[in-house]
Amino acid sequence: MDQERERLARDLHDILGHSLTTIRLKAGLVRRLLEVSGDLGTAAREAGDVERLSSQALADVRATVSGYRQVTLSGELVTAKEALRVAGIRARMPRAVDDVHPELHEVFGHVLREAVTNVVRHSSAREVTVGLGGNWLEVSDDGTGAGGRWGNGLRGLAERVRAAGGTLEASPRERGGFVVRATVPSRQG
Ligand SMILES: Nc1ncnc2c1ncn2[C@@H]1O[C@H](COP(=O)(O)OP(=O)(O)OP(=O)(O)O)[C@@H](O)[C@H]1O
Ligand SMILES: [Mg+2]
């Protein structure tokens, strides 16, 4: 039961942390569009996104509670691009995820999702770069790199990566900014 509770806590954290961050940014964008530019067409389109993202989050919560939710690396790449676009952060992303060992797609999907959520929430970055290979994934930003005590997000990720046989590093970069890197030594692409 304790294990099941932990799984649920981790999954809900990862799903809602990301979805609500994007929804909040988009809702702010809609408000500013209405208050400042009066661009109704764009406001309506962004409001439509808020509606769609909310429905998706609701479906994700339901699937998580019943244990059916699947996280995919390619899906997370798409939502990460969207979250960064809305936050006004330039994204340098791989086009495809085929290089990554198939058994690592799910756990790296979680790493990408939480690392990008953290970039949006904590970094004040202008640019983020995602790199990947057969057995590694890295999310690096040029923000404050302030770091801080690990919370549920990074602790949950470290636990997921450890369960896959790998390690998670998350620290300020030497040249400024912050980097999160997951490596699973036993897996090749
Ligand atoms: N890209 C980043 N740039 C700067 N600081 C970061 C970055 N990512 C994480 N941090 C720091 O590391 C801390 C821990 O991150 P973590 O994801 O564990 O917790 P959190 O995001 O604060 O809360 P949550 O448990 O909801 O994820 C953050 O509070 C923040 O101070
Ligand atoms: Mg976090």
Side-chain angles (χ1 to χ4, degrees), residues 2-28 50 53-54 56-58 60-61 63-65 69 71-73 75-94 104-133 136-164 166-184:
D2 269 5
Q3 262 185 351
E4 177 58 11
R5 196 183 161 283
E6 266 178 35
R7 178 195 70 83
L8 203 60
R10 263 201 309 270
D11 286 357
L12 285 177
H13 167 279
D14 290 358
I15 292 160
L16 291 182
H18 181 87
S19 311
L20 292 177
T21 299
T22 310
I23 287 167
R24 185 187 62 187
L25 284 172
K26 278 202 178 269
V50 169
L53 288 166
S54 308
Q56 183 62 48
L58 190 60
D60 282 347
V61 168
T64 296
V65 169
R69 184 163 183 277
V71 171
T72 65
L73 188 52
E76 294 307 327
L77 208 56
V78 173
T79 51
K81 270 185 204 156
E82 174 70 355
L84 291 166
R85 187 188 64 75
V86 180
I89 301 172
R90 200 163 44 239
R92 286 154 41 131
M93 299 274 193
L104 297 176
H105 280 214
E106 182 174 358
V107 64
F108 283 1
H110 282 286
V111 174
L112 181 61
R113 191 176 179 99
E114 174 62 12
V116 165
T117 304
N118 279 347
V119 169
V120 170
R121 286 178 59 202
H122 306 302
S123 75
S124 305
R126 287 190 309 185
E127 182 173 279
V128 50
T129 305
V130 175
L132 50 77
W136 62 276
L137 181 128
E138 187 178 277
V139 179
S140 165
D141 70 65
D142 66 352
T144 62
R149 261 165 69 93
W150 284 24
N152 288 324
L154 289 176
R155 283 206 304 267
L157 276 193
E159 185 49 46
R160 286 184 197 280
V161 176
R162 196 178 317 130
T167 50
L168 183 87
E169 296 157 85
S171 56
R173 300 190 307 186
E174 268 170 33
R175 59 183 186 281
F178 198 80
V179 59
V180 172
R181 185 182 174 96
T183 317
V184 182

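Small disclaimer: the values here were computed from a predicted structure and weren't measured. Atoms within a ligand are numbered from 1 in the order they appear, just like the ligands themselves.
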* Note, Ser140 side chain near Arg92 side chain (heavy atom, < 4.5 Å) -> no

* **Value rounded to 0.5 Å, distance of CZ in Phe108 from CG in Leu157** => 11.0 Å

* To do: Write out the residue and atom name of the closest protein heavy atom to atom 23 (O) of ligand 1, then the distance separating them to 0.1 Å.
  => Arg121 NH1, 3.8 Å

* Structure fact -> Going by the 4.0 angstrom heavy-atom rule, the piece of Val180 near ligand 1 is neither

* May I ask which of Gly147, Ser171, Ala170 has a heavy atom nearer to atom 11 (C) of ligand 1 than the others do? => Gly147

* Closest candidate by heavy atom, reference atom 22 (O) of ligand 1, pool His122, His13, His18 -> His122

* Structure fact -> Tested for side-chain contact (heavy atoms from CB on, under 4.5 Å) against Leu12, the lone hit among Asp60, Val61, Asn152 is Val61

* Output the list of atoms in ligand 1 that are nearer than 4.0 Å to some heavy atom of Leu154, sorted by atom number. => 14 (C), 15 (O), 16 (P), 17 (O), 18 (O)

* Provide the number and element of each atom of ligand 1 under 4.0 Å from a heavy atom of Asp141. => 1 (N), 2 (C)

* Which of the numbered atoms in ligand 1 are below 4.0 angstrom from a heavy atom of Trp150? -> 14 (C), 18 (O)

* **Ala146, any N or O under 3.5 Å of ligand 1 N or O** => no

* Asked: Can you list the steps and then say if His110 with Asp14 is a side chain to side chain donor-acceptor pair (under 3.5 Å)?
  -> CA-CA 7 Å; His110 282 286; Asp14 290 358; 3.3 Å; yes

* To do: Any chance you could measure Asn118, atom CG, to His18, atom NE2, to the nearest 0.5 Å?
  => 11.5 Å

* When rounded to the nearest 0.5 angstrom, what is the spacing between CZ in Arg126 and CD1 in Ile89? -> 11.5 Å

* **Arg10/Glu114 ion pair, N-O < 4.0 Å** => no

* Asked: So how far is it from Thr117 OG1 to Leu84 CG, rounded to the nearest 0.5 Å?
  -> 9.0 Å

* **Interfacing atoms of ligand 1 (cut-off 4.0 Å, heavy-atom, Phe178)** => 1 (N), 2 (C), 3 (N), 7 (C), 8 (N), 9 (C)

* **Which atom of Glu114 approaches the Mg ion (ligand 2) most closely (N/O/S)** => OE2

* **Proximal candidate to atom 17 (O) of ligand 1 [heavy atom criterion; set Val119, Asn118, Thr21]** => Asn118

* Backbone or side-chain N/O/S of Asn152 under 2.8 Å of the Mg ion (ligand 2) -> no

* **Interatomic spacing from CG in Leu168 to CZ in Arg181 - rounded to 0.5 Å** => 11.0 Å

* Structure fact -> So the atoms of ligand 1 within less than 4.0 Å of a heavy atom of Asn152 turn out to be 25 (O)

* Structure fact -> Among Arg173, Arg149, Glu114, the residue with a heavy atom nearest to atom 14 (C) of ligand 1 is Arg149

* What distance do Arg149 atom CZ and Leu154 atom CG have between them, rounded to the nearest 0.5 Å? -> 12.5 Å

* Structure fact -> Numbered in order shown, the ligand 1 atoms found under 4.0 Å of a heavy atom of Gly151 are 14 (C), 16 (P), 18 (O), 19 (O), 25 (O)

